[in-house]
Amino acid sequence: MSVPTKRAAVVVPGDVIGYEGQWRRVKTATAARGPMGGLAIVLTWEKGGTARFPSGDELLLGEQDADPTFRG
């Protein structure tokens, strides 16, 4: 199955991100200072939970209907 994706330059609420083998919808996106003083992006998922990414990480944006494992 081919899933249309693209790399994220900016992440905003409502975006669908591929994370841990599932598609998840972003509820909030904030910036924070990482443990070594660098910039980190903190995403909160609509269905609960958060993930923290160092700035510069590549994130996959997809469409929620493109994959049956969509978690939301």
Side-chain angles (χ1 to χ4, degrees):
M1 170 186 244
S2 176
V3 177
T5 61
K6 59 184 176 180
R7 292 183 188 146
V10 176
V11 178
V12 296
D15 281 346
V16 177
I17 304 291
Y19 179 68
E20 293 184 338
Q22 296 181 338
W23 294 106
R24 300 174 189 226
R25 185 175 304 281
V26 175
K27 180 177 180 182
T28 61
T30 58
R33 189 174 302 248
M36 301 295 288
L39 180 63
I41 306 304
V42 180
L43 302 179
T44 302
W45 310 119
E46 280 191 353
K47 298 272 181 161
T50 60
R52 183 184 200 101
F53 302 93
S55 64
D57 270 12
E58 292 182 350
L59 303 176
L60 276 181
L61 267 76
E63 298 176 11
Q64 75 178 47
D65 297 332
D67 190 285
T69 62
F70 178 73
R71 180 170 178 225

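Model, not experiment: these values are computed from the prediction. In what follows, residues are counted from 1 in the order of the sequence shown. No hydrogens, no waters, no symmetry mates; every other heavy atom, side chains included, goes into these values.
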Problem set entry | Audit row: Val26, Trp45, side-chain contact (heavy atoms from CB on, under 4.5 Å) steps and yes/no | CA-CA 5 Å; Val26 175; Trp45 310 119; 3.9 Å; yes

For this session: Hey, could you give me the CG/NZ distance between Asp15 and Lys27, rounded to the nearest 0.5 Å?
Result: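 Going from CG on Asp15 over to NZ on Lys27, the span is 16.0 Å.
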
Exercise. What distance separates Leu39 CG from Phe53 CZ, expressed to the nearest 0.5 Å?
Worked result: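 These two atoms lie 13.5 Å from each other.
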
For this session: Indicate yes or no: at least one non-hydrogen side-chain atom of Ile17 is less than 4.5 angstrom from one of Arg24.
Result: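 They are not in contact (no side-chain heavy atoms under 4.5 Å apart), so the answer is no.
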
Exercise. Can you check whether Leu59 reaches Ile41 side chain to side chain, under 4.5 Å on heavy atoms?
Worked result: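 They are not in side-chain contact.
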
If you compare all heavy atoms of [X] against all heavy atoms of [Y], which two are closest, and at what distance to 0.1 Å?
X: Thr28; Y: Pro13; result: CA-CG, 4.3 Å
X: Trp23; Y: Val16; result: CB-CG1, 3.7 Å
X: Val42; Y: Arg52; result: CG2-NH1, 3.9 Å

